[in-house]
Amino acid sequence: MASRFQAVTLVDSPSYPNSIAWSDENLIAVASGHLVTILNPALPFGPRGLISINRSEPYPIGAVKREDLASGCLLPTTLNRDPRPSVRSVSWSNLGMAPNSGCFLAVCTTEGRVKLYRPPFRDFCAEWIEVLDLTDRLYDYLASISFEDPDIPPSEISNEPVTNHGYVDDPTDSVSVEEQKRRKVNNFGVRNAGLETSCDQTSRGPSPSPELEGQGPPKGRCTKSGGRKSSHQIVPATRGRGRSAKKPPEVCSLPLITADQYASRSAMLSSLVVAWSPLLKLSSRICGAPEINSSICFSLLAVGSKSGKISFWRINVPEYYSIEQSLAPTRVELIGILKAHSSWVTAISCALLASDSSSPQVLLATGSSDGSVRIWIGHGEEFLKSTEVNNAPFYPLKEIINIYAVPVSVLALMPTQSLHKMLLAVGRTSGAIEVWIGDTSVKTFNKAGPYDAHDQVVTGLAWAFDGCFLYSCSQDNFVRSWSLRGSSLSEMPIPSSSPGLRSVSDMPDVFISCLGLVVSPSNLAVAMVRSFDVNQLDHMYEARLQKAAVEFFWIGGHQKDILSNTSLEFDIEALPGFTEKELVYWESNILWSLKQYEHWDKPLVIWDIVAALLAFKWSAPDYVDHVLVKWLSSSFVDVHVERSIGKVLPHVCKSFCKAASRQLHLLNIICRQVILPELNADEINSNLLNFTVDNPNFAQDKQHKLWMDLLSRSEKELRERLVGISFSAYRSFASNSATTSSEPGYWYPFGMAQMEQWVANNNHQVHDQLKVVATEIKTCKRSRCIELAEEDKEQCSYCSAPVPFESPEFGVCRGMESNGSSGQKHKLARCAVTMQVCPITPLWLCKCCQRWISKLAPESLFKMPQQYCLDYKFSPEPSSIKVASKPQCPFCGILLQRSQPEFLLSPLPV
């Protein structure tokens, strides 16, 4: 049996399938009861984020008669006794949607509410911040069209006295005390499910402060009565324990509707599942932007409801990112409502097809409680041009009918590397799973299965390694691994050998069900959430705080490809518990994962790769060297060399000038986190300033010296590229007659004086092309009276003393002279992008190299491909294009963030 390598307990247990999600910034969200617990897998026992779900007041969708409460369509609503709503579905957005360039988290509750939350990067709290209630927006739209019902005549408006719970009744003073007590219990359940008809909007609780453009107070939520405003106001009932004074009966101006109408309206507002689409980027030719080469980025949020309809919300990427302000000009717009099924929508999965084209396509798979599954396709440009909400821009490709009408519980959609090919896994409440292999170009779909994988409801499905493996879990507490070869699906055991096992013996092994699983960003680990059997726990201690657990398992030992007979070049006895084949599989999968990150647009989150390499390094460092030599040889070295660290590293250094920026970022992370983990980032940065291989003050280990030299040369190459792009852009700005300045969201070359000084200090090491450009910058400044955005002479932020430029990492002021003696000197951090002294304002921080950044780097630095031209003309002309700034570290490539106290949650991509 497979062994977990780490696990962490939860204070509440999940109740619905797909209760766990893994974000692009390496955070895990678990829907556990009325809470959403947010964990950092790199620090599972560290700080956590939290989202607490509170009760919301129902929407005033209409009044029904008392006798209609016992009708079949309203009986589940009337009998509902949930004291507090639970979390039904969670979904992470892509990286870059939040104001700090992080991820939004969409949460769907059992009340049918869908809300967006952002990380508290500037609030310094554990509770995540609510950004928007999408159900409020949906209600506003449905109320404006009278819920797609014909306008109710004024004669049908109920002006009779009604209670606070949505049905026509007699005054309360004509009812006995016993009857009033019974009604209090009954009405509590009715209110929770949406029968509240009070028009007093203050009873609905405070609304969060709007953080998205277009969000405002509800639009006439209690004034709609067939399109007419009401002059009546209803005072909410008091909930005191003591005897209260008699109040006059309330007069409701809501339309009197039938039970079927009420059930239909309630189903429209009762959401069940949420799912984000991948990020869509359209060029100016499609979106009609006035600026040349400009583009628009957005993502779609699909929300499935009990009515069988799916609402699609277009959410734009912020125009600029900030860690000082949470208010960003983000737009949220309802672009369509799709009638996908005739019954409840229970599962949604989205994927991007043909992402490299100018017009990307979105694949959408939907599942229903009637057993049907439908596959849809939508085109990127239609999401921008969509004007009719009732006509969603999705078109059907395939409908899958289940003759036994077994409800669909989960879906997992996966586009393959082949163009127009896709994989769809379907999990049902009977425990069966199906796999469909489709070609969207010819609309052909072949079925693999069904397979009786489990005895109970399938609660989780996840693809790994580009569709080679499928993982499933169920309420029967089993997790299974499946291998897809052609059109055949066969079960394979999860690898039992696990590197770097951590002690989790204090956790009881009395699980009763598994409610979801998810694969890590690099596909080397899987996380699953399981519920404890509380009857077998100690009720005094364990059962109170341990309701469920998140377990982590390694899956890097799976055989992904058919490998030739290879032998390892070290002693196999150094790794007890591993066979030679398993180590070959691990090597192949780690190399495959590293290869995926060489694409610049893939978020650089390699926590599981670093963790796996460190786990192997503790027991067999030669194996880690063997894997890294293979990666370096395939990525950097063109010629065949002897596969040893001492032979490969010198050849790697010579190829840096032709390497892509993303390859250098990967190399820097591995050097810092895997090869030199015993040194902190500040110590490494200090040693890099004047490092040479012959320096006796660093390390006595010759191999460590070679890696340190590799890191030094790699970072120097990236700094040269950044300086060259800045010089070239500055030269273009200077030659442009138009006045240019820094704009939010766009990059502007700052720090010219500091960069010129850095080139002069390293004149014997930088490329000749960079020296030529630096000379042209000096000539340009002498020939034209150009007012720089920064001063050549910098001052200390604390004592206003001058700060000479001596190092690109930090600066030391000279101190103010007082009474003939120099004052205290201050050591100041320099911006890793501009090399200027950082101001006393909130700064961006890289969690890998621990460098501070005040001005973001240009996007073109991270896009530099292999074999790029060395004339440093990669930056475009300002008259034709604007260069976006990216909140990424120029030396590590990972997402920057605002520094948080140690007791608060912070993502760790590495």
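Side chains included, hydrogens not; waters and symmetry mates left out as well; all remaining heavy atoms used.
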Heavy-atom donor-acceptor pair, Ser144 side chain to Tyr141 backbone, under 3.5 Å:
yes

Under a 4.5 Å cut-off applied to non-hydrogen side-chain atoms, are Cys103 and Ser93 in contact?
-> yes

Counting N and O atoms only, with roles assigned by atom type, does the side chain of Glu25 sit under 3.5 Å from a partner on the main chain of Pro909, one being a donor and the other an acceptor?
no

In short, Ile257 meets Ile61 closest at the heavy-atom pair CD1-O, 3.8 Å

From the list Arg118, Arg113, Lys115, salt bridge (Lys or Arg N to Asp or Glu O under 4.0 Å) with Glu130 holds only for Lys115

- Test side chain to side chain contact (heavy atoms under 4.5 Å, CB included) on Lys281 and Asp601 and set out the steps. CA-CA 11 Å; Lys281 186 173 183 178; Asp601 55 345; over 6 Å; no

Next item on the list: May I ask you to check if Arg314 and Phe383 form a cation-pi contact, with NZ or CZ under 6.0 angstrom from the six-membered ring centre and within 45° of the axis?
Entry: no

Scanning both residues in full, the closest heavy-atom pair of Pro14 with Val30 reads CG-CG1, 4.5 Å

In Val107, Ile38, Leu50, Leu116, the residue satisfying side-chain contact (heavy atoms from CB on, under 4.5 Å) with Trp128 is Ile38

*asked:* If you define the side chain from C-beta out and look only at heavy atoms, does anything of Pro603 sit under 4.5 Å from Leu895?
replied: no

query = Do Lys547 and Ser32 have side-chain heavy atoms sitting under 4.5 Å apart?
reply = no

Quick one: does Thr78's side chain have a donor or acceptor within less than 3.5 Å of a partner on Leu69's backbone? yes

Any donor-acceptor N/O pair, Thr110 side chain to Ser86 backbone, under 3.5 Å:
yes

Subject >> Short side-chain to backbone donor-acceptor contact, Trp276 and Asn94, under 3.5 Å >> reply: no

Between the CZ atom in Phe121 and the OG atom in Ser101, the distance rounded to the nearest 0.5 Å is 10.5 Å

Donor-acceptor pair, side chain of Ser409 and main chain of Gly427, under 3.5 angstrom: yes

Checking the side chain of Thr346 only, and the main-chain atoms of Val408 only, is there a donor and an acceptor separated by less than 3.5 Å? yes

Margin query: Using a 6.0 Å cut-off, check whether atom CH2 of Trp376 has over 12 heavy atoms from anything other than its own residue.
Written below: yes

Pro99 side chain near Tyr321 side chain, heavy-atom distance below 4.5 Å | no

**Prompt:** Do Asn100 and Arg898 touch side chain to side chain, with heavy atoms closer than 4.5 Å?
**Reply:** no

One should read off an interatomic distance between Ser146 OG and Arg265 CZ, to the nearest 0.5 angstrom, of 7.0 Å

Item to complete: Verify, without hydrogens or angle tests, whether Ser369 (side chain) and Trp344 (backbone) share a donor-acceptor contact under 3.5 angstrom.
Response: yes

Applying side chain to side chain contact (heavy atoms under 4.5 Å, CB included), run through Trp463 and Val519 and close with a yes or a no. CA-CA 7 Å; Trp463 291 102; Val519 175; over 6 Å; no

All heavy atoms of Leu905 vs all of Gly49, minimum pair found to be CD2-N, 3.5 Å

- So, Glu111 side chain and Ser56 main chain: donor-acceptor pair closer than 3.5 Å or not? yes

Shortest non-hydrogen pair, Ala365 vs Leu424, comes out as CB-CD1, 3.7 Å

OG (Ser277) and CG (Leu363) are apart, to the nearest 0.5 Å, by 11.5 Å

Pair Asn40-Arg48, side-chain donor/acceptor within less than 3.5 Å = no

Nearest heavy-atom approach of Met97 to Ile315 is CE-O, 3.2 Å

**Q.** Side-chain touch Val87/Tyr16, heavy atoms, less than 4.5 angstrom
**A.** no

To the nearest 0.5 Å, atom NZ of Lys602 lies from atom CG of Leu95 at 11.5 Å

Between the CG atom in Leu334 and the CG atom in Asp140, the distance rounded to the nearest 0.5 Å is 11.0 Å

Smallest heavy-atom separation, Asn18 atom then Gly460 atom, equals OD1-CA, 4.0 Å

Donor-acceptor pairs under 3.5 Å, side chain of residues 392-399 to any protein atom, not counting sequence neighbours: which ones?
{"residue": "Tyr395", "atom": "OH", "partner": "Glu382", "partner atom": "OE1", "Å": "2.8"}
{"residue": "Glu399", "atom": "OE2", "partner": "Arg374", "partner atom": "NE", "Å": "3.2"}
{"residue": "Glu399", "atom": "OE2", "partner": "Arg374", "partner atom": "NH2", "Å": "3.0"}

Review point. Does Gln897 reach the side chain of Ile323, with side-chain heavy atoms less than 4.5 Å apart?
Key: no

Note to self: Please check this pair: side chain of Ser270 against backbone of Gly112, looking for a donor-acceptor N/O pair closer than 3.5 Å.
What the structure shows: no

Can you check side chain to side chain contact (heavy atoms under 4.5 Å, CB included) on Lys306 and Leu272, steps first, answer last? CA-CA 7 Å; Lys306 293 182 178 180; Leu272 297 174; 3.8 Å; yes

Q) Do Tyr59 and Asp136 have side-chain heavy atoms sitting under 4.5 Å apart? A) yes

Review point. Under 3.5 Å, is there a donor-acceptor pair between the Asp370 and Ser368 side chains?
Key: yes

One should read off an interatomic distance between Cys350 SG and Leu364 CG, to the nearest 0.5 angstrom, of 5.0 Å

From the list Ile348, Val114, Leu134, Leu105, side-chain contact (heavy atoms from CB on, under 4.5 Å) partner of Val274 resolves to Val114

